[in-house]
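What follows is one structure encoded as structure tokens, with my remarks underneath.
When a residue number appears, it is its place in the shown sequence, counting from 1.
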Amino acid sequence: MKSNNKIVDFVRADYISRREARRSLEAQWQLNINFMMGNQYSYLASNGTVREDEKQYFWQEKEVFNHIAPIVETRISKIIGNTPRVTVVPASSEESDIESAKLSKEILNSVSNRLNLTDIEKKATTWSEICGTAFYKVVWNTNTGKMVAVDEEGNSVKEGDVEIEVISPFEIFPDNLACEQIEDMKSIIHARAVDVDEIKSEWNVVIEPEAVNSFSLDSFANNLGGLGYNAHINKVANIELSNHAIVIERYERPSKKHPNGRLTIVASDKLLFDGDLPYINNELGTRTFPFVKQVSNYMPGNFFGVSVVDRLIPLQRAYNAVRNRKHEYFNRAVMNVLAVEDGSVDTESLELDGLSPGKVLVYRQGSKVPEIMQNPEMTIDFNTEEERLLSEFKTVAGVSDMMTDSYAQYTTLSGVALELLAEQDNTRLSTAIDSTKLAVKTVAKFILRLYKQFAVIPRLLKISGDSGDVQMYYWDQNEICSDDVVFDTSTDTLESLGQRRTMLMDLIKEGLMYDQNGTFSPSMRKKCLDLLGFGMWENTVDLTSLNINRAQEENIQASASNSQLEILPIDDHQIHIDEHSAYILGGAIKKKINYKEIRDKLLSHIEEHKKFLNSEKIEENIKENEKI
């Protein structure tokens, strides 16, 4: 018991020390979120807290003209749009490794569909763009998946599955803020607020609730707006969670003292877990932390990245000031400022009613007539400064008019010039895009390694093809032989569907997709529609894809020694000839043990298709001659 108390005290003391070391960073992140939400009259006080400015005068214009939010939204959209899909490379040229790589790719696709990985990436990118850093936590959840058994107590035992959680930088505490990569950390802490009932359900330990502070959005009016009206904006407010406790997970890298690493979980004054790191998710079958870091911009010598919002805050403050001073000038020009002699008019009535249309202004006989003070002409410096700030927003944020404007203003530019502009946009966002790519690839590797570790019983994987056919695979951990994840080159080179369509249409116009007879074959038509993103639509309008699928099935069927390839009268013989010929000339068939047998069988089958095709042509010629 004393030993447990020492462990708890050590972990909590370590957590408090790390929290104090990065308190200034948390304040900056909170300020960034406030500016993103629209609370742009906030600032960091000397004690490290976020405060809001008050209005100095009742007539003061204090409105928010938020340019940070659309810039961040544009960057997020562009980063997500330039993150390609991942695929898996075989460990060797052996047939088993090739099939294992295909299976691994389908597993990643299945996990992506089940967890909606695109939304997870978007959530992480949002955190990284606002605060500079975001984290993925890839874990194995034993309480998910299909039920496989029932234990002695009658509880259902499930097969378990991968879970991916996006973690904000507020919850991650490294042991060294000057260490740039997670891989270089000796230990890392994940501290999060958890309901005490959930703690009891997961660890079977009763925890007393403690004071837990968190952030929440709150709508408030802090003397904002202008003359005669108030404005409501959102801000990030500190709230206290009830019935919660801080769960501190301290991950320690493998060492001589702890060859498998160490994971210590503490809540309040109780030790929930103390043992080895649970996941074999590193290279060469070793254990490491289950976290993947993603940053917006790297900062040398710092663990946490830098957000573009940090750079935009001074510009946003200056822009709000310029716009509000212009509106104050307009208010004076419209409502006027009246100069009156002391005691000549009822000033109280004048202050309440102003100079309303048709108002009878009574002044004391013999006194000076009240007069309207003339405002000086508005200097053009206001407009110049506003335009300069708008231009500087785009320069600092790394986005251009092409990305931020919602209309086509480059109507006079050629397609090549537009393509160069799009590439320049990608270049200016390359740091954030590359970090997101690296994070996605690492997450994919973690997923496969967790399945390799925990998928001990056979699992069913359903794969739907483009033509609507469904294939069922039974697999287990032994079939995952490769976790060499790379990016799909087709999606990386042609980064969007629009670019792919433009390039393909240019190739068709140049005649590069036509055969030697100058015709557009059905198989090529099907491939072009697939590249354009209309594969499913093509399958509903003709039989081309069905013939291609049947020919590919015959290619596989030919591998069996006793198989017989049947030709049906409804076959499209030219498509079958093309598919069988491509399979014979390809490299996959040469890796088969009975390569010559398969080749001879397919060559014989091709000759039969040619006979049918020639007979059909002869019949067509006879019919044409009869018409003549």
Donor-acceptor pair, [X] side chain versus [Y] backbone, under 3.5 Å?
X	Y	result
Thr133	Gly305	yes
Gln316	Phe65	yes
Asp184	Glu180	no
Ser268	Lys270	no
Asp276	Pro278	no
Ser77	Glu73	no
Lys293	Ser435	no
Asn302	Phe304	no
Asn113	Asn109	yes
Asn39	Phe35	no

Salt-bridge criterion met for [X] and [Y] (N-O under 4.0 Å):
X	Y	value
Glu283	Arg449	yes
Glu249	Arg192	yes
Glu106	Lys102	no
Glu159	Lys146	no
Asp274	Arg262	yes
Lys123	Asp119	no
Glu26	Arg23	no
Arg114	Asp161	yes

Evaluate side-chain hydrogen bond (donor to acceptor under 3.5 Å, both in side chains) for Thr288 paired with Arg253, printing each intermediate quantity in order.
CA-CA 6 Å; Thr288 188; Arg253 187 170 297 282; 3.3 Å; yes
Close side-chain approach of [X] to [Y], heavy-atom, < 4.5 Å:
X	Y	value
Val212	Glu240	no
Leu312	Phe393	yes
Val139	Glu165	no
Leu44	Val50	yes
Ile164	Ile447	yes

Set out, in order, the CA-CA distance, both residues' side-chain angles and the distance that settles salt bridge (Lys or Arg N to Asp or Glu O under 4.0 Å) for Arg323 and Glu386, then state yes or no.
CA-CA 8 Å; Arg323 291 289 298 270; Glu386 183 178 347; 3.8 Å; yes
Which label fits Phe170 and Trp29: parallel for a plane angle under 30°, tilted from 30 to 60°, or perpendicular past 60°?
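Aromatic pair Phe170/Trp29 classed perpendicular.
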When rounded to the nearest 0.5 angstrom, what distance separates [atom1] in [X] from [atom2] in [Y]?
X	Y	atom1	atom2	answer
Leu271	Ile7	CG	CD1	5.5 Å
Thr87	Lys105	OG1	NZ	4.0 Å
Ser42	Met37	OG	CE	12.0 Å

Around atom [atom1] of [X], are there more than 12 heavy atoms of other residues, nucleotides or ligands at under 6.0 Å?
X	atom1	value
Glu208	CD	no
Lys122	NZ	no
Asn47	CG	yes

Do [X] and [Y] have ring centres separated by under 6.0 Å?
X	Y	result
Phe173	Tyr15	yes
Phe135	Trp127	no
Phe289	Tyr279	no
His67	Tyr319	yes
Trp203	Phe273	no

Looking only at side chains, do [X] and [Y] share a donor and an acceptor under 3.5 Å apart?
X	Y	value
Asn32	Gln28	yes
Asn320	Glu63	no
Ser296	Glu129	yes

Quick one: do Tyr251 and Phe291 satisfy ring pair (Phe, Tyr, Trp, His ring centres under 6.0 Å)? Show the steps, please.
CA-CA 10 Å; Tyr251 296 82; Phe291 303 105; 5.2 Å; yes
Any chance you could lay out the salt bridge (Lys or Arg N to Asp or Glu O under 4.0 Å) test for Arg250 and Glu252, step after step, and finish with the verdict?
CA-CA 7 Å; Arg250 187 180 188 276; Glu252 188 175 335; 3.2 Å; yes
Regarding Arg51 and the six-membered ring of Tyr43, is the cationic atom NZ or CZ under 6.0 Å from the ring centre and inside 45° of its axis?
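Output no; distance or angle outside limits.
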